[in-house]
There are 4 protein chains.
Amino acid sequence: MVKPMTLPDARRGRPRDSRVHEAILTATVDLVTESGYAATSIGAVAARAGTGKDAVYRRWSGKAELVYEAVFTATESAPVPDTGSLTGDLTALVEALLHEFTAPAAAAALPGLLADFAADPGLRTRIRSHFLAPAKSGLADVFERAARRGETSSAVPVDLVLDTLAGAVFFHVGLVGESAAPELAGRLAGLVVRGIEVR
Amino acid sequence: MVKPMTLPDARRGRPRDSRVHEAILTATVDLVTESGYAATSIGAVAARAGTGKDAVYRRWSGKAELVYEAVFTATESAPVPDTGSLTGDLTALVEALLHEFTAPAAAAALPGLLADFAADPGLRTRIRSHFLAPAKSGLADVFERAARRGETSSAVPVDLVLDTLAGAVFFHVGLVGESAAPELAGRLAGLVVRGIEVR
Amino acid sequence: MVKPMTLPDARRGRPRDSRVHEAILTATVDLVTESGYAATSIGAVAARAGTGKDAVYRRWSGKAELVYEAVFTATESAPVPDTGSLTGDLTALVEALLHEFTAPAAAAALPGLLADFAADPGLRTRIRSHFLAPAKSGLADVFERAARRGETSSAVPVDLVLDTLAGAVFFHVGLVGESAAPELAGRLAGLVVRGIEVR
Amino acid sequence: MVKPMTLPDARRGRPRDSRVHEAILTATVDLVTESGYAATSIGAVAARAGTGKDAVYRRWSGKAELVYEAVFTATESAPVPDTGSLTGDLTALVEALLHEFTAPAAAAALPGLLADFAADPGLRTRIRSHFLAPAKSGLADVFERAARRGETSSAVPVDLVLDTLAGAVFFHVGLVGESAAPELAGRLAGLVVRGIEVR
DNA sequence: CATTAAGCGAGACGGTACGTCGCGTCTTTGT
DNA sequence: ACAAAGACGCGACGTACCGTCTCGCTTAATG
């Protein structure tokens with residue numbers, strides 16, 4: 001997801017060892033899960049992966065980018081399932097969000113990750129295009145399907161819905177309680193579907 | 001808000017200088033606003049305030065608590081205004097939230113603050129009782145008034161509404177854009193009022 | 001010999017702990033003796049001394065200055081003994097030089113130390129005033145005594161003698177052999193005394 | 001001078017490119033002259049020479065050997081001139097030494113080189129046979145000629161003279177001043193000739 | 001009114017992590 | 001087989017903060 005930092009002519013010199021790549025990612029996930037984001041240092045990751053720090057810095061520019069790539073990889077390929085109804089689709093979407101954010105590594109990494117991304121303008125931009133944009137287009141797909149079914153009228157406030165759903169999920173996972181209620185997805189989806197009812 | 005860390009016999013020896021207290025808080029707000037949460041160190045705060053680091057540690061146990069107290073002080077006394085309608089009340093409540101989180105120092109401090117609080121079980125508990133609980137009781141008041149007016153039936157999912165409103169506000173401010181749309185509060189309140197299914 | 005790096009108002013704040021000072025110097029001498037100059041790192045010195053690296057950098061600006069002070073301390077107070085004859089005085093002087101340079105720590109440190117000093121203009125200047133100048137004045141004293149005894153005429157090339165004696169000692173110790181012949185001092189002194197004979 | 005590290009069956013595969021060899025030596029001399037010995041790294045030499053680091057390591061075992069060969073090449077063939085007198089011969093010899101050690105690259109490289117050689121027993125041995133031995137035999141020749149002329153008696157302390165002359169030259173160049181006095185050679189030679197007691 | 005305990009500015013202290021650099025080796029693709 | 005390029009494990013660099021501690025000095029309330 002995050003691209004290689006430099007593309008030095010592609011095929012000159014020794015190629016990067018993919019086993020090193022994966023050892024680093026695995027070590028990162030393990031450390032974040034065990035010790036939390038703050039206590040995870042690049043040096044510790046390298047040591048656990050059996051590499052030098054340079055091998056890490058050669059691929060990622062810092063802890064935030066490394067952890068982001070290590071922890072959030074399944075998300076990309078989310079295919080936005082079609083359950084036959086808007087409420088069902090949104091419930092599935094929120095369940096996917098909840099599932100992703102509730103995974104041990106993700107839950108441990110999220111707050112610190114958000115803080116680091118928020119602090120750096122470059123990372124801020126990056127997370128918007130890599131996380132927010134796909135989510136928004138996924139939502140747009142869902143609403144397009146609903147419009148074809150005749151469930152909604154034309155003008156749906158996609159941005160507002162995104163704020164609401166993603167915000168609620170993050171808020172719940174990050175602040176309220178570590179254990180997310182299993183029925184939360186359905187209740188949130190229901191609230192939103194009724195809420196956007198265009199009269 | 002955060003109490004003095006120890007109460008050594010109450011009144012023996014030299015009392016704490018309140019000017020030091022305020023100099024530290026002012027320096028904290030300034031530094032957070034100028035440089036961000038991560039780049040704000042206790043040492044820098046002390047230097048800017050013209051004090052020693054001990055004067056800080058004597059009053060607060062760490063950066064998170066210091067910044068929390070320095071940045072979020074107006075919130076407490078939020079009186080929950082009565083606008084005459086549920087939608088109006090919720091709009092006012094969200095506007096207050098937005099106003100608080102959009103202030104320069106707060107916006108700069110929030111993500112890092114949340115990360116530090118999330119990482120520490122003790123702080124996690126503290127923020128729940130000092131921030132979440134008042135918000136929840138505020139919301140409960142609003143809904144009680146609405147019930148008296150006959151606007152809502154009995155069972156209102158207060159927790160869900162809190163997740164939705166606070167989550168959406170934080171998500172919007174923290175991730176989507178620094179400039180919050182002014183109509184966001186009304187739209188959010190409308191969505192929620194319709195969404196909690198009372199017709 | 002090498003002065004403290006900064007004199008921060010002398011009596012403000014916590015004073016430096018002299019036990020730390022000595023622990024560092026001891027650790028330095030030990031490490032240089034055991035592992036050599038190149039293999040002696042600031043970090044290793046600090047670890048062996050049971051301090052942090054800062055405690056070292058606070059007092060010395062680098063390895064060269066630290067090792068110099070740790071290894072060469074007895075030299076300063078060399079009082080230039082009066083043996084009654086020029087040859088005797090010079091022999092004693094060379095013997096002192098030999099003794100100092102042949103000590104385990106000194107022999108291990110000398111070449112690397114000289115390299116580092118030579119590479120840095122500031123250190124170069126420093127070593128001249130702290131090492132060369134005292135040696136020169138010591139030699140000058142010896143020759144003044146000799147002149148009073150009538151052993152030498154007026155114009156003695158002190159610089160040349162210094163080059164010869166110190167150079168020969170260093171060359172012998174550093175390059176020729178680790179074991180310095182015990183009669184070297186006398187032979188060198190003899191050569192010089194005859195050599196400067198002003199006809 | 002320093003031999004190639006391995007002779008792999010003499011002539012199998014592609015022969016080494018002599019232009020690479022010279023490019024490396026040139027780059028080494030340039031870098032040492034410009035930046036000093038310590039700041040000269042194998043990587044920098046390779047980059048400057050337009051080669052890879054392996055091309056360097058294939059020919060020399062490390063920085064010390066590389067710089068030694070790059071900087072000291074003219075010395076070998078020193079033919080020990082016959083000026084007709086012992087003093088003249090020694091003056092010429094010292095002048096040659098001074099000339100060699102005062103060259104920009106040599107002066108920049110010497111201290112660091114000596115340190116590296118001193119630290120490694122293998123290199124120590126090597127420098128003795130390649131530098132000390134020839135110098136000693138050159139001196140021996142000079143004194144043999146002097147004996148044939150009747151200028152000296154039999155037992156001349158060649159080792160002592162070598163220590164004195166070479167030591168004084170190195171000491172003067174390396175520590176005292178970058179600018180060597182032009183009359184130094186003659187004064188040193190005079191001192192030694194008088195000092196070796198032959199009247 | 002002297003005592004005394006705490007506050008205070010300053011800065012040293014033992015740690016830990018940072019991100020960079022050089023080392024000498026290894027592994028590619030092109031000669 | 002050599003060459004250029006560059007990845008690799010390693011270890012040192014010098015800096016920055018952390019949170020605690022020790023100084024000398026105020027500063028009030030108490031005995």
Exercise. Which residue lies toward the 5' end of DNA chain F, C:K63 or A:S18, if each is placed at its nearest nucleotide?
Worked result: A:S18
Exercise. Just how far, in rounded Å, is C1' of F:dG19 from CG of B:D120?
Worked result: 15 Å
For this session: May I have the distance from B:R58 (atom CZ) to F:dT22 (atom P), rounded to whole angstrom?
Result: 15 Å
For this session: Could you check how far CG of A:L66 sits from P of E:dC18, rounded to whole Å?
Result: 11 Å
For nucleotides 27-29 of chain F, print each protein N/O atom paired with a nucleotide N/O atom at under 3.5 Å, atom names and distance only.
unit_1: F:dT27; atom_1: O4'; unit_2: B:R14; atom_2: NE; d: 3.4

Exercise. Does a donor on one side chain sit under 3.5 Å from an acceptor on the other, for B:Y68 and B:D116?
Worked result: no
Seminar exercise, completed: Contacts of C:D54 and A:K53 projected onto DNA chain E by closest heavy atom; the upstream (5') one is C:D54
Exercise. Do the non-hydrogen side-chain atoms of B:W60 and B:V67 ever get within less than 4.5 Å of each other?
Worked result: no
Problem set entry | Distance in angstrom units between A:W60 CH2 and E:dC18 C1', rounded | 18 Å
Exercise. So what does B:G50 hit on the nucleic acid, given a heavy-atom distance under 4.0 Å: a base, only sugar-phosphate, or nothing?
Worked result: sugar-phosphate
Exercise. Nearest nucleotide by nearest heavy atom, which residue falls closer to the 5' end of DNA chain F, A:D17 or D:A55?
Worked result: D:A55
Problem set entry | side-chain N/O D:R59 vs F:dA3 OP1/OP2, d < 4.0 Å | yes
Problem set entry | Nearest-nucleotide comparison on DNA chain E, the residue closer to the 5′ end among A:A44 and D:T40 | A:A44
Problem set entry | Exam field: side chain A:K53 to backbone A:I42, donor-acceptor pair closer than 3.5 Å | no
Exercise. With a 4.0 Å cut-off, would you call D:E65 and D:R126 a salt bridge?
Worked result: yes
Exercise. Any idea which of F:dG9, E:dC8, F:dC18 is nearest the B:R16 side chain?
Worked result: E:dC8
Exercise. Counting only N and O atoms by type, is there a donor-acceptor contact under 3.5 Å from the side chain of B:T125 to the main-chain atoms of B:P121?
Worked result: yes
Exercise. Just by distance, do the side chain of A:S41 and the backbone of A:A44 share a donor-acceptor pair under 3.5 Å?
Worked result: yes
Exercise. Could you state the CD1-C1' distance from C:I42 to F:dA12, rounded to the nearest angstrom?
Worked result: 10 Å
Exercise. Using 4.0 Å as the upper bound for N to carboxylate O, is an ion pair formed by B:R48 and B:E34?
Worked result: yes
Problem set entry | Atom pair distance, as rounded to whole Å: CZ in C:R48 and C1' in F:dA12 | 18 Å
Problem set entry | Nucleotide nearest B:Y57 (side chain, heavy atoms from C-beta), chosen from E:dT25, F:dC18, E:dG9 | F:dC18
Exercise. Starting at CD1 of C:I24 and ending at C1' of E:dC13, how long is that distance when rounded to a whole Å?
Worked result: 10 Å
For this session: To the nearest Å, give me how far apart NE2 (A:H21) and P (F:dG9) are.
Result: 14 Å
